[in-house]
Every structure is written in C-alpha cells, then in structure tokens.
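For reference, the structure discussed in these notes is given below.
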2 protein chains.
Amino acid sequence: MPPYHHGDLRRAVLAAAVDAITEHGPAGVSLRDLARRVGVSHAGPVHHFKDKAGLLTALAAEGFALLADALNATREQTNSFVELGVAYVRFAVRHRAHFEVMFRPDLHHTDDPALTEARERAGAALAGGVEALGEQRTGDRRTAGVAAWSIVHGFATLWNTGNLAPGDDPEELAHRVAAMLFGDDQPVLRASPELQQT
Amino acid sequence: MPPYHHGDLRRAVLAAAVDAITEHGPAGVSLRDLARRVGVSHAGPVHHFKDKAGLLTALAAEGFALLADALNATREQTNSFVELGVAYVRFAVRHRAHFEVMFRPDLHHTDDPALTEARERAGAALAGGVEALGEQRTGDRRTAGVAAWSIVHGFATLWNTGNLAPGDDPEELAHRVAAMLFGDDQPVLRASPELQQT
DNA sequence: CCTGCAATCTTGTCGGTGACAAGTCAGGGG
DNA sequence: CCCCTGACTTGTCACCGACAAGATTGCAGG
C-alpha cells in the first residue's frame, strides 16, 4: 500500500490537472478526479490548495512563470519582435492547459500574490520586447504595446479554440501574421485610400 | 399562482443565463439556478435545451447572430475596416456574456447546425470587411484576414479578462490600436531596421 | 362538444462534486 | 520520550446535471 504521506502531492496534483485539462478542457476537471488519479483520498488536495479556485490559481501562476521564462529566453536570442510574438503563440499551443486557465479570472483567486507577481513578470517580458519596436515612431508606446499583445493573444486564442484552419502549422502561420504587421521585409497591411474614412 | 405553461420559457431562460453569466462568469451558472430565477421547476429548461451544453450552444449561436448583425450594420455605414474592428470590440464588451460563451468549444455541442450557421455568417461578415483592405497589396488575403481577426479578438479578450488598463474607454482605445495598424492617416507600427532580423 | 394526443412542465431520484469538520498518522524539536 | 504540527483520511451536507415517470394544458380532428 502507498505511504500515508505522498511526498510531493502538490506537484503531482498540478501535473494531473494539466493532463485532465488537456483532455477535457478546464470545465471538465474535478478535485476528486485528480485525487483519484494521484491515488489519494478525495480531500487530499484541499490541504495544498484550499480550494478548486486555489488549484487553478496555482496553475495559472505556474503558467505565467513559464511564459515569462519562454519570452525572456527568446528575447536574449533574437531581439526580433516577430520572434517574440511567435514565442507567445508557441507557448499557448504547447502549454495549452496552462494557457486556457491563465486568462480566466472567474476561475481564480484574483488577489493571490504569487499569481499577480508571475503575471507582472510575463507582462514585463512582453513590454520589454515592445521597446525594441519603432523608436523612430511616436504613435504612443502604450498603444503599441496593447496592439502587440492583442495580436499574439488573439491569434493564440483563436487557434486554441479551433477557429483557424486546423491544417496549418500554427507557428508558421503566426510568423507570417506577425511579419505582415511588424516585419520589415514584408509589405504592411493597409487600407486602400478610397475606402478609408477615419 | 403562475400558469402551468410559462409561455416563452426558452427566451426567459436564455435571458436569465445572460444575467447569470454577466454576474458570475460562465462557470458559475447552473440550470437549476436559472430555473429558479425564471420561476419554474428544476427540470423545466431541460425540455428546451436538452442539456446544459445545449443551453450554452443556443446562447453562443444567438451571440454569433448578434455579432453578424452588428458587423453587417457598420459595414453598410462606413466601409472603414477600422470601424469594423471597433464594432467587433464593442460587441464583445457590450454583450460580454454571449462573447464569453461563443469561443468555448468545450462548453458546446460543436456539431449543432444553428451554431455553425450563425458562426459562418459572422465569419463572412468579418471576411467581407477584410476585402475592403489593401487591394493594391498581395500579402495574401488569408493571412490578412487572420491578422485582422486576431487583433480585434485579442483586444476584446484581453479587455474582458481585465488585462488592459481599466480606466480607459475600450472603444476609444480599440480605435487607436486599429488605426495604428490598419489606418491611413496614422503612422504604421514597424520594427526599427537595426533590430529586425526576420 | 369532446376526445385523444403531443408539447410543456413537475416530481422524484441517482451518482458525482465542492466544501467543511473531525479524526488519524508521521516525524522532528523539546 | 512526548507532543505538536503538518499531511492525509473519513464522513457528511447541500448542490448540481441527467434521467424517468407523471401531471397539466392546449389543440386538432371527429
């Protein structure tokens, strides 16, 4: 029989949660099922997470930390904003379970300090990448940051919800999209003048 | 006492669902609670929607229909792609409950014909707006469509999850973002050449 | 008129779930 | 050696979704 003390229950439950969410989506996950998967009584996980929301909060925080690391890693390598955007999308696709939980405040304890700290770290990594953009351009920096975040986040979300053609390689398509909007060697998407009126 | 037959239970339950989701998010809604709000026994709604997923599927379909109408309406008025994007964001903010359910395939009966039809109608409205963009430009149409959808969807999602500065007027900010990327009278966001390497 | 039928809604029930309370067990500091 | 704290279990409660069976209503066809 297994020992009374699991040893690393917290880790194990988080890992099981990732599996369960990957299989059935964030809605189809229950603390009791996770406990069963890990081989622990139904109230075991409660001791580590307090709540179901507590579990998902921990998962989201872990996700933001991973995202921050991924972004910082590619920032050290390339300085290319396009590549940074692709890294964001790659994270969302590869760590789908984390990503799906990170932007669902209705599932969190939104005031959790670990969560806020990790989120800010990821935000800083992204904002830092925006710094590398258009120094010559005044179009204010905050708007540029919001635009950049919007496009990569929107792409990632649409991909993960199956709204983009499933035949493609997401990273390749994301690269084309980012290059079209932010790239240097690509023509930039613009409205034809005669149709434009604001 | 209320009559045995409600008269328009389906409508009433959908409306109650919108309220409940607006208050507690899509996770915090139960068929039984909706039944209570409407003044009907706990299994009343089941007859109209079959399932909880059936309810949310109907809500999502209604949402896509409303979105398609909104997009087509502004398309008739302006021909401006920027305005079309703002209309998308406006819909997401004003019909938050619908929007939050529309892109959650894990909550749907994904094969529901009404849902697919409404989604395609909305997709066509958006794609039609992209047609108005850059005729002079070859940067292939599909990539342009994905880029446009990504940016408005990303912005809407980030706003609704509270990740953008809450002090602002979302439509105004969305307008600035869209104008920065797609507008004609605004400088276009580009990477500074020396930092760009793909 | 009235009879039977189908749609609508109710009541009752089952297994599963989240939260909580109280108990049990292991190990390290006094 | 003891006990104290943290880790886990057992037991319970209210709620939820799904299903089955029954009650009620309106209405079509004779």
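Sequence lines set the chain letters: A, B, ... in the order given, protein chains first and strands last, and positions in each chain run from 1.
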*asked:* Between B:Y88 and B:H153, does the side chain to side chain contact (heavy atoms under 4.5 Å, CB included) criterion hold? Intermediate values first, please.
replied: CA-CA 8 Å; B:Y88 191 101; B:H153 188 77; 2.9 Å; yes
For the pair made of [atom1] in [X] and [atom2] in [N], what is the distance, rounded to whole Å?
| X | N | atom1 | atom2 | result |
| --- | --- | --- | --- | --- |
| A:D8 | D:dA7 | CG | C1' | 13 Å |
| B:H24 | D:dC15 | NE2 | P | 15 Å |
| B:L31 | C:dT10 | CG | P | 14 Å |
| B:D33 | D:dC16 | CG | C1' | 11 Å |
| B:R32 | C:dG16 | CZ | P | 16 Å |
| B:L107 | D:dC16 | CG | P | 17 Å |
| A:H109 | C:dG18 | NE2 | C1' | 12 Å |

_Among C:dC9, D:dC16, C:dT17, the one nearest A:S30 by side-chain distance_ = C:dT17
*asked:* Can you identify which nucleotide, out of D:dT10, C:dA19, D:dC16, has its nearest atom closest to the A:S41 side chain?
replied: D:dT10
*Take A:T74 and A:V86, measure what side chain to side chain contact (heavy atoms under 4.5 Å, CB included) needs, and give me the verdict at the end.*
CA-CA 10 Å; A:T74 84; A:V86 173; over 6 Å; no
*side chain to side chain donor-acceptor pair (under 3.5 Å): which pairs involve residues 41-53 of chain B, sequence neighbours left out?*
B:D51-B:H109
*Can a side chain N or O of B:R10 be found less than 4.0 Å away from OP1 or OP2 on C:dC9?*
no
*asked:* Between A:D106 and B:H24, is there a side-chain heavy-atom distance shorter than 4.5 Å?
replied: no
*Worked check of salt bridge (charged side-chain N to carboxylate O under 4.0 Å, His left out) between A:R119 and A:D112*: CA-CA 11 Å; A:R119 174 163 43 212; A:D112 181 88; over 6 Å; no
*Look at all strands and tell whether B:V29 reaches a base, only sugar-phosphate, or nothing, counting heavy atoms closer than 4.0 Å.*
sugar-phosphate
Identify all side-chain donor-acceptor contacts of residues 91-100 of chain A below 3.5 Å with residues at least two apart in sequence or on another chain.
from	atom 1	to	atom 2	distance (Å)
A:R94	NH1	A:E171	OE2	3.2
A:R96	NE	A:E100	OE2	3.0
A:R96	NH1	A:N160	O	3.4
A:R96	NH2	A:E100	OE2	3.4
A:R96	NH2	A:N160	O	2.8
A:H98	NE2	A:E62	OE1	2.7

*Does a side-chain N-to-carboxylate-O contact under 4.0 Å join B:D19 and B:R37?*
no
*Can you sort out which residues in residues 42-52 of chain A have a heavy atom within less than 4.0 Å of DNA chain C? Ascending by number, please.*
A:H42, A:A43, A:D51, A:K52
